[in-house]
Structures are given as C-alpha cells and as structure tokens.
Number of protein chains: 2
Amino acid sequence: MEPTSSPTADAASATASGPAAPRPPAPSAGASQGRRRAPRMNGDDRERAILEGAERLLEERPLHEVSVDDLARAAGISRSSFYFYFASKEAVLLSLLDRVAAEAGARRTAALAGVTEASPGAYRAAIAAFHETFRAHRAVTLAAADARASSPEIRAQWSRVMDGWVAETAAVIEAERARGSAPPGVPAHDLAAALNLMNERVLYAAFAGESPAPAGDVVEALVAVWHGAIHGAPAPAPLPR
Amino acid sequence: MEPTSSPTADAASATASGPAAPRPPAPSAGASQGRRRAPRMNGDDRERAILEGAERLLEERPLHEVSVDDLARAAGISRSSFYFYFASKEAVLLSLLDRVAAEAGARRTAALAGVTEASPGAYRAAIAAFHETFRAHRAVTLAAADARASSPEIRAQWSRVMDGWVAETAAVIEAERARGSAPPGVPAHDLAAALNLMNERVLYAAFAGESPAPAGDVVEALVAVWHGAIHGAPAPAPLPR
DNA sequence: GATTTCGTCAACAGTGCGTCGACAACGCGG
DNA sequence: CCGCGTTGTCGACGCACTGTTGACGAAATC
C-alpha cells in the first residue's frame, strides 16, 4: 500500500552530492555558498553524527536489525528528530553509499591510470581496486547489497556504480582484443558484466563469511577467472541441441 | 539471539520432506503412521493452498511487500489461521525453496549423468541445468535470494544447494585436470565456488532485469567464462607487490 | 452423548514507522 | 528590549504488521 514513488525521488542527484535529506529549503541560499566555517556547531554535523553512528552500527549488525530509534540514539537525538535529517534509514544508507560510490570512482580511475594503454595486467589492477573499495567500507557495502532487495533508490545507486566498473572493464577487454593479446568471443560488455558481477558476489560471500566461497586467496581465484575468461581460448561451438 | 542451529535443524531432511510447519505434536503417533488417505479433505491441502498462493503472489511482487494477511487471504483463511500451518512467511518461502532444492539436486544429477566421465562439455551441462532450475522457479529463487539477507534459515538452505553445485563442479574440474584437458591452477573448489557464485548473480541480474547484466545470450556469456577459466592458460605469476 | 482432536477466528499486545503540533534556542531587525 | 522567523527538538498520535491467546465449532472416537 506504500506509494512506490517516495517523496525522496531526487535520489538521482545523490550521485556525489550531499545526502538526500528533506532539509527545509535552504534559507541561506544566497551568498553563504562558500561558507564552510560553521558559525554554530549545531545542525550540520548532527548529520555527520548520524552517518558515523550508522556506519558504526552497521559494523555489528545488518540494517534490518537496526531501527530508526537505534540510529537516532546513536547520534544523541530523539527518534522524531532523526526525520528532520533523513527521510528513512534507507536514506542514511544511501548517503553512506554515495561516499563509497565517489571513492570507487576515484579508485577505479587511479588504478587504471597506472596502466597507460592495455598492458597485460590492467584488469588485475581493476580487481585489486574493486577489492579495496569493497573492503574499505565492508559494513556499508554489505548492508547496501542487502538493502538492494527492498530499496529501489539503493538498487539504482548500486547499479550506477557497477555500470561504471563494467564500462571500464569492457574498454580494457576491447583494448586487449585490439592488441591481439585476447581472442574475440562474446561481446566485451557481456563478459565484463559477468566478471564484475562475479566479483561482487564472491567478495560479498567472502566478507560475509558465507558458505560457498573460495577458501584460499579470494583475489587470486578472481584473477584466475578473469585471466582465463579474457585471454583463454575462445569458447567451443555452442553445440547444436 | 537466535541459536545458530535452528530447531528445524533437520532442514537437511527437508530436502524433500514436508514443510517445517509448527504442527502440534502428532497425537496419533500410535499405529496411524502409515495413514495417507485423508479422511477429510481439510487440513493437509490447506497447506498446499498456502504454498501455491504464495508462489503466485511472489510472481507479482517481492516477499517484503507480501504480508502474512495477503498470504492467508490468498489461501482463503484468516491471518491467525495461517500461523497454524507456518510460523512465518519466511517459513513458507523456505518450504517452497525446499522443493526447488530437491529439483535442483535431481536436475544436476540428471545433467551430469549424461556425461559419463569428464567429457569436454560437462560443465556446459551444469550451466544449463543451473539455468533451468533457476528459470523454472524464477519467483521463488528471486524471492529466496532477497530473503537471504534477513532469514538465517533461508540463507542456510540456499548455501546447502549452492554447496552441492560447487562440489559437483569441483569434481568435474578436477577430472578435466586429471585428463590433462585443463591446466592446473587455483584450487578447484575455489574456482568452482567463484564460477557458481557468478552464475547465481548473473542469472539473478538477468531475471530481475537489473542494470549491469549481459545484454546478449546470458548462457553463452557464462559458458565463455567457464570455459576460459577452466581450460584457459594458467594465470600469470602473482606479480610481487 | 461426552470427549478429544482439528481447524478456525476475533481480539490483544507489541514493535516499528512516519507525521503533526507544540516548543525551545538562536539570530536579527526594529 | 521586544517581537519574529528560522533551526532544531521532542512527545504523542495513528497506522501497518506481527505473533500469541483463548474461546468456539465441527469431526471423529469411544
């Protein structure tokens, strides 16, 4: 019965901007734009307190076991005050995810900047970057992955991040193929999507301690698959059924 | 607080047995054990009605948007009567998942029975079987994947199914390696885990219509990765960092 | 016909969510 | 100093959903 389109539909702008909090229309929208020095210590860093408290809580239990009350209490305010800053606990997670998204973008760029053209180990760097991003914010990424199921906003944001990785990976694959160091085969985008989704799932399983997961070095297993899939022999004929 | 080993720890037996409903202790424990013929038409197939209604509902919306009341109503009983049959809506999904687990096992066995030893296309059959299992119960598997985040029982059952696939895959990989038609590399189990997790995630993305997903033939993309990862050249030296 | 078992339900209590209106502190222009 | 809008806070409400209890009927059993 819940209206599908939440009032916080401006989540698109959330890509890297501030949190999608329902702040009342900024009154100081005039010249105080560059203002960073807080004339007061209240207000703006309460938001930060919520974010930090949330990240801390998510390190010990999943989002669906954290109530808005917990979040508010962790930030030292009452439950109803919480809603002054965020529309829901999903909005908090989304805001947290925004930071990760930004960092993921930066790390990806940095990782692939080292390899000028299409050196043989470009995707190796990509895997390492992916792994680092995931690990650096384990709690947030794990929680976001869980919340994808119930929150369209988080799902969309996650997709945005993954799409970036996939596009970057596909570019590398195509460069390798152009160099002749990788055989042609299925569309590079499809291959890149499959490999990145594998990374996501395997890293999740590993960090969450799930049952079917590589027992040894996770990154090595991933690199092996990537290398084989990209540089290995082309797949055999599709077998007439 | 939930004890890790749920009282329904016989979930292993649940592979094909009845649902883990909180039915009151069987009073007719005496000689009526073999009784199958229902003297009345009520009771036992109400359970089926719930299951069927649930599967139908899950085809149109995710589990977290289905209330116990919806489930009960779909089966033609009141909400409180529902609890006579199942402890929660997760229990219903778990029961549904049990069937899929049984079918998955059967299909896996059948798929790998065709290939006596380690014929070159054994894992291809595995992928097809996986894909079919997933597709045949799309609603249930999608819902189960979502519910994994919040329900330990479902997570455990899912793990059990995946573990089966992984073990079977690992056996095939080792056979291929023994034959000399696949090079050595990372542990077969790790490789098998990564590949099966990829399948799960990619199929989920494809069936759910998510954004980063192969655009073309999904199965072909998966086969390409499997083939390359198993039969491709061994990964290069791990690069001293 | 009395009793047990099966199945059903209305009603209750609990939890969490999101919203509303009152209310305090602050800054500011008079 | 005083009104006055703004910023931030909170208690209390209504709502949706969950899981449990106790009472009630209808078969079956003796």
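Naming convention: chains lettered A, B, ... in sequence-line order (proteins, then strands); numbering from 1 in each chain. Nothing here was measured: the structure is a model prediction, and the numbers come from that model.
- To the nearest angstrom, P of dA10(C) lies 10 Å from CZ of Arg73(B).
- You'll find that the side chain of Ser67(A) is closest to dC17(C), out of dT20(D), dC10(D), dC17(C).
- If you check the side chains of Trp165(B) and Glu200(B), you find no donor sitting under 3.5 Å from an acceptor.
- Under the 3.5 Å distance criterion, with hydrogens and angles disregarded, a donor-acceptor pair is assigned to the side chains of Ser67(B) and Asp70(B).
- In this structure, Phe84(B) places its CZ atom 15 Å from C1' of dT21(D), rounding to the nearest Å.
- Considering only the side chain of Ile77(A), dC10(D) comes nearest among dG18(C), dT18(D), dC10(D).
- Between the OH atom of Tyr83(B) and the C1' atom of dG7(C) there is a distance of 17 Å, given to the nearest Å.
- For Ser80(A), counting side-chain heavy atoms from C-beta on, the closest listed nucleotide (dA12(D), dC9(C), dT18(D)) is dA12(D).
- For the residue pair Tyr204(A) and Asn199(A), no side-chain donor N or O sits within less than 3.5 Å of a side-chain acceptor on the partner.
- Remark: Lys89(A) is not in phosphate contact with dG16(C), judged by side-chain N or O atoms under 4.0 Å from OP1 or OP2.
- Distance check, rounded to the nearest 0.5 Å: CZ of Arg73(B) to CZ of Arg79(B) gives 10.0 Å.
- Between Arg79(B) and the phosphate of dG19(D), there is no side-chain N or O to OP1/OP2 separation shorter than 4.0 Å.
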